[in-house]
Amino acid sequence: MLQLTPSHFLPPPPPPLSPQNLSFSLLQSCKTLQEATQLHALSLKTGAFTNPLIASRLFSLYADPKINHLTYARSVFTQIQDPNLVSWNVLIKSHVTNQRSHDAVVLFRDLVRHHAPDNFTLPCVIKGCARLNAVEEGRQIHGLGLKIGLGLDKFVQSSLVSMYSKCGEIEFARKVFDEMRERDLVAWNSLIDGYARCGRVDVAVELFDQMEERDSFSWTVLVDGLSKCGNVEKAREVFDRMPDKNLVSWNAMINGYMKARDFETARELFSQMLTRDVITWNSMIAGYEFNGRFAEALELFREILEEDLRPTPATLVSVLSAVSGLAALSKGRLVHCVMVKHGFELDGVLGTSLIEMYYKCGSIDSAMAVFRGIQRKKVGHWTAIIVGLGMHGMADQVLQLFLEMRKNGMEPHAITFVGILNACSHAGLVDLGRYYFNMMIKDYGIEPTIEHYGCFVDILCRAGCLDEAKNVIGSMPMKPNKVIWMSLLSGARIHGNVEIGDYAAQHLIEVSPDTIGCYVVLSNMYAAADQWEKVSQVREMMKKRGVKKDPGCSTIEHRGMLHEFIVGDKSHPQTKEIYSKLSEVREKLKSAGHVPDTSQVLLCLEDEKEKEAELENHSERLAIAFGLINLEPRSPIRIIKNLRVCNDCHSVTKLLSKIYNREIVVRDNSRFHHFANGSCSCKDFW
DNA sequence: TTAGGGTTAG
């Protein structure tokens with residue numbers, strides 16, 4: 001709080017106490033936002049605000065890094081009559097420092113209508129271009145700088161070296177660097193960073209060795225550059241030689257080890273660190289998450305909370321993604337609580353992450369609730385919920401939301417259409433799929449990517465339009481990938497077209513000989529067509545190539561713990577109860593008239609009884625039995641499976657949802673199935 | 001009245 005002491009009112013020697021003098025004197029001593037707003041109010045009350053100098057000083061105060069209130073700064077700026085170049089520079093700089101580089105560049109365009117920019121303006125806006133990766137705009141500003149005689153200013157030049165380096169235009173960076181009359185450390189460091197970023201580590205090291213003087217940045221950019229290029233050993237050598245290791249270089253090393261999947265060494269460095277910042281924690285968490293080590297990521301998040309550190313949005317993005325990977329819904333709800341407690345806004349990327357976490361954990365209702373609660377929804381939020389509903393097979397709602405989205409003036413982008421096409425595919429909507437595929441191209445001018453083709457081909461294959469699918473594949477401007485051939489193969493299996501199945505399998509094995517799914521589906525297709533000799537051939541091929549079928553694995557969460565079951569598992573402490581539940585299930589299914597569908601049993605079991613027994617031990621059955629035993633009677637049973645659900649498990653789960661009057665949600669390797677009251681949301685297309 | 005340009009996660 002600003003203390004209004006008598007000296008503020010009676011400054012010696014006594015000039016006349018005009019509102020201007022009062023304000024100038026107070027503005028100089030002002031340090032906090034509260035003081036600034038008090039002065040702002042005072043200047044409005046006394047009329048001092050109408051003086052452009054007072055208004056400019058007040059504006060600079062709001063933009064000052066210590067106060068940094070961009071909204072107020074902008075608002076005051078608009079009220080300054082003819083703001084001078086200094087005020088413009090301050091405004092642009094504060095936008096760049098507040099991650100609003102796009103606005104900074106737009107403001108720069110306004111500025112040049114009123115003033116010639118100076119050697120303060122250009123480095124700022126060039127940095128903004130670098131942040132945006134807007135090399136073309138940067139190049140134009142470079143040209144402008146040359147035109148107005150700022151081409152040899154060392155700040156302008158080194159900002160250009162940095163901008164070109166960050167945008168991957170290393171030759172231009174080098175050119176500017178070579179033209180510099182006075183190359184200081186900043187210019188050298190930027191260039192080394194540029195060479196390291198584009199993978200030319202040898203040049204980076206050479207430049208580093210040539211330097212007469214180095215500072216901590218020089219060492220750090222080299223350590224980081226080497227780490228990023230996957231040369232973690234060399235990075236460690238430089239790091240070990242580094243005289244005063246700073247926090248950034250430790251963090252860079254951690255990232256290097258994480259990238260190299262050397263978790264032990266990353267962890268070792270982490271525990272050796274005497275001081276850590278939030279980036280250290282984020283690097284560890286993101287590293288674990290990126291490499292699929294979700295439980296370790298969540299464990300570190302728990303430690304962050306225990307140490308009373310404030311997570312950042314970057315922390316939460318990684319953590320939510322780790323939660324999704326494990327489908328640990330209750331942990332996800334806890335993270336959501338932490339976000340609410342710390343007052344994180346959901347208007348940006350965090351809203352998207354939260355929506356994704358919920359639908360990937362099987363709770364589309366919570367995903368929808370988050371979506372509805374976001375005040376200023378952006379395209380990313382609409383897209384996330386559309387993709388989520390699509391994965392949950394809720395095509396009607398997808399199409400309804402798509403309409404709503406467009407009514408709200410939102411322009412769908414390429415991924416929105418991936419979500420829509422995916423929904424059409426899961427719901428078997430072949431005509432609508434064609435309609436939206438064409439709408440995307442004609443109405444929105446979006447070039448279909450391989451993902452769009454993947455969905456579209458899948459739509460056609462599921463609906464049995466196999467010849468049309470084959471034609472679309474032939475007309476694609478890019479090489480079909482394994483997803484596309486896999487769709488055709490699966491479609492051929494579902495619709496019993498062995499000829500097209502053979503054709504698809506041939507291409508699939510060519511593109512991706514290690515795709516296990518290919519052999520499984522192919523084998524299932526031959527099995528269903530009673531071509532057992534071919535089934536054996538496929539098995540031989542798998543053996544020869546060393547391809548093994550991943551064992552089916554299902555997980556279920558109970559009281560914050562994840563329980564994992566593999567096919568035929570007998571390791572769970574509740575095994576006895578689980579198998580006795582399975583016997584009960586078998587009886588109930590039998591009385592409901594269920595006949596086991598053994599057509600997809602890959603094992604060459606001669607005996608029908610053996611085949612049936614194999615099905616009964618499928619991992620999701622064990623998980624469902626566990627859920628029936630342990631979960632509250634009315635709570636949904638949510639299961640995550642690593643493979644595609646087999647035909648028989650699908651029919652069984654439908655029946656069980658009716659027999660036990662339970663909602664069962666199964667996430668397989670590509671989508672969700674909501675089983676309730678004897679039917680599934682996928683309408684038996686999957 | 002600005003005090004510039006260079007490093008780590010996402």
Side-chain angles (χ1 to χ4, degrees), chain A residues 24 27-28 52-65 80 83-94 96-97 99 117-128 130 150 153-163 165-166 173 176-177 180 182-194 196-197 214-225 227-228 235 239 242 245-256 258-259 276-290 311-321 348-350 353:
Chain A
F24 273 127
L27 276 161
Q28 269 173 346
L53 281 177
I54 299 276
S56 300
R57 286 231 191 165
L58 193 56
F59 155 72
S60 297
L61 202 53
Y62 280 133
D64 187 282
I80 307 173
N84 64 13
L85 185 56
V86 171
S87 296
W88 277 100
N89 288 349
V90 170
L91 185 69
I92 289 176
K93 186 190 165 209
S94 52
V96 174
T97 46
Q99 285 34 273
D118 67 4
N119 53 337
F120 281 84
T121 326
L122 294 192
C124 250
V125 71
I126 291 169
K127 185 179 178 179
L150 292 172
D153 179 274
K154 84 166 176 183
F155 289 106
V156 174
Q157 286 179 310
S158 61
S159 66
L160 284 168
V161 173
S162 170
M163 188 270 296
S165 286
K166 287 205 178 75
V176 176
F177 179 83
M180 287 180 84
E182 184 197 343
R183 292 172 203 132
D184 62 7
L185 270 171
V186 177
W188 278 91
N189 294 342
S190 301
L191 192 67
I192 291 176
D193 186 38
R197 274 171 197 264
R214 302 176 187 118
D215 67 0
S216 70
F217 281 85
S218 326
W219 289 91
T220 311
V221 290
L222 193 62
V223 167
D224 181 55
S227 287
K228 279 214 175 77
F239 178 73
M242 187 171 171
K245 296 178 184 51
N246 58 13
L247 190 49
V248 179
S249 62
W250 281 89
N251 292 345
M253 277 313 306
I254 287 184
N255 290 317
M258 280 298 188
K259 191 170 180 227
R276 301 171 185 144
D277 64 1
V278 72
I279 295 184
T280 317
W281 288 92
N282 289 355
S283 302
M284 288 293 292
I285 293 177
Y288 278 132
E289 188 277 322
F290 179 77
T312 65
T315 326
L316 293 160
V317 168
S318 302
V319 166
L320 288 169
S321 185
V349 68
L350 278 184
S353 294

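Values reported hereafter were calculated over all heavy atoms of this structure, with side chains retained and with hydrogens, waters and symmetry mates removed. Letters A, B, ... are given to chains in the order of the sequence lines, protein chains preceding strands, and every chain is numbered from 1.
- At a cut-off of 3.5 angstrom, the base of B:dG4 holds at least one donor-acceptor pair with the side chain of A:N119.
- Checked by atom type, the side-chain pair A:S162/A:S159 shows no donor-acceptor distance below 3.5 Å.
- Here A:R197 reaches the OP1 or OP2 of B:dT7: one of its side-chain N or O atoms lies under 4.0 Å away.
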How far apart are the C-alpha atoms of A:F59 and A:L91, what are their side-chain angles, what is the distance that settles it, and do they pass the side-chain contact (heavy atoms from CB on, under 4.5 Å) test? CA-CA 9 Å; A:F59 155 72; A:L91 185 69; 3.7 Å; yes
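- The separation between A:Q99 atom CD and B:dA9 atom P is 14 Å, rounded to whole Å.
- Within the nucleic acid shown, A:A286 comes within 4.0 Å of sugar-phosphate atoms alone, with no base atom in reach, counting heavy atoms only.
- If you check distances only, the side chain of A:D184 does reach the base of B:dG5 with a donor-acceptor pair under 3.5 Å.
- Using a 4.0 Å heavy-atom distance criterion, A:V317 is classed as a sugar-phosphate-only contact.
- Within the 4.0 angstrom heavy-atom criterion, only backbone atoms of the sugar-phosphate kind lie near A:D224; the bases stay farther away.
- Contact annotation for A:S60: base contact, defined as any heavy-atom pair under 4.0 Å involving a base atom.
- In this structure, A:K259 reaches neither bases nor backbone, as no heavy-atom distance under 4.0 Å exists between it and the strands shown.
- Put simply, the side chain of A:S159 and the base of B:dG5 share no donor and acceptor less than 3.5 Å apart.
- Distance, A:F155 CZ to B:dA3 P: 12 Å, rounded to whole Å.
- In this structure, the salt bridge (Lys or Arg N to Asp or Glu O under 4.0 Å) partners of A:D64, at least two apart in sequence or on a different chain, are A:K66.
- Looking at residues two or more places apart in sequence or on another chain, you find a side-chain hydrogen bond (donor to acceptor under 3.5 Å, both in side chains) between A:T280 and A:N251, A:D277.
- As rounded to whole Å, 12 Å separates atom P of B:dT2 from atom CG of A:N89.
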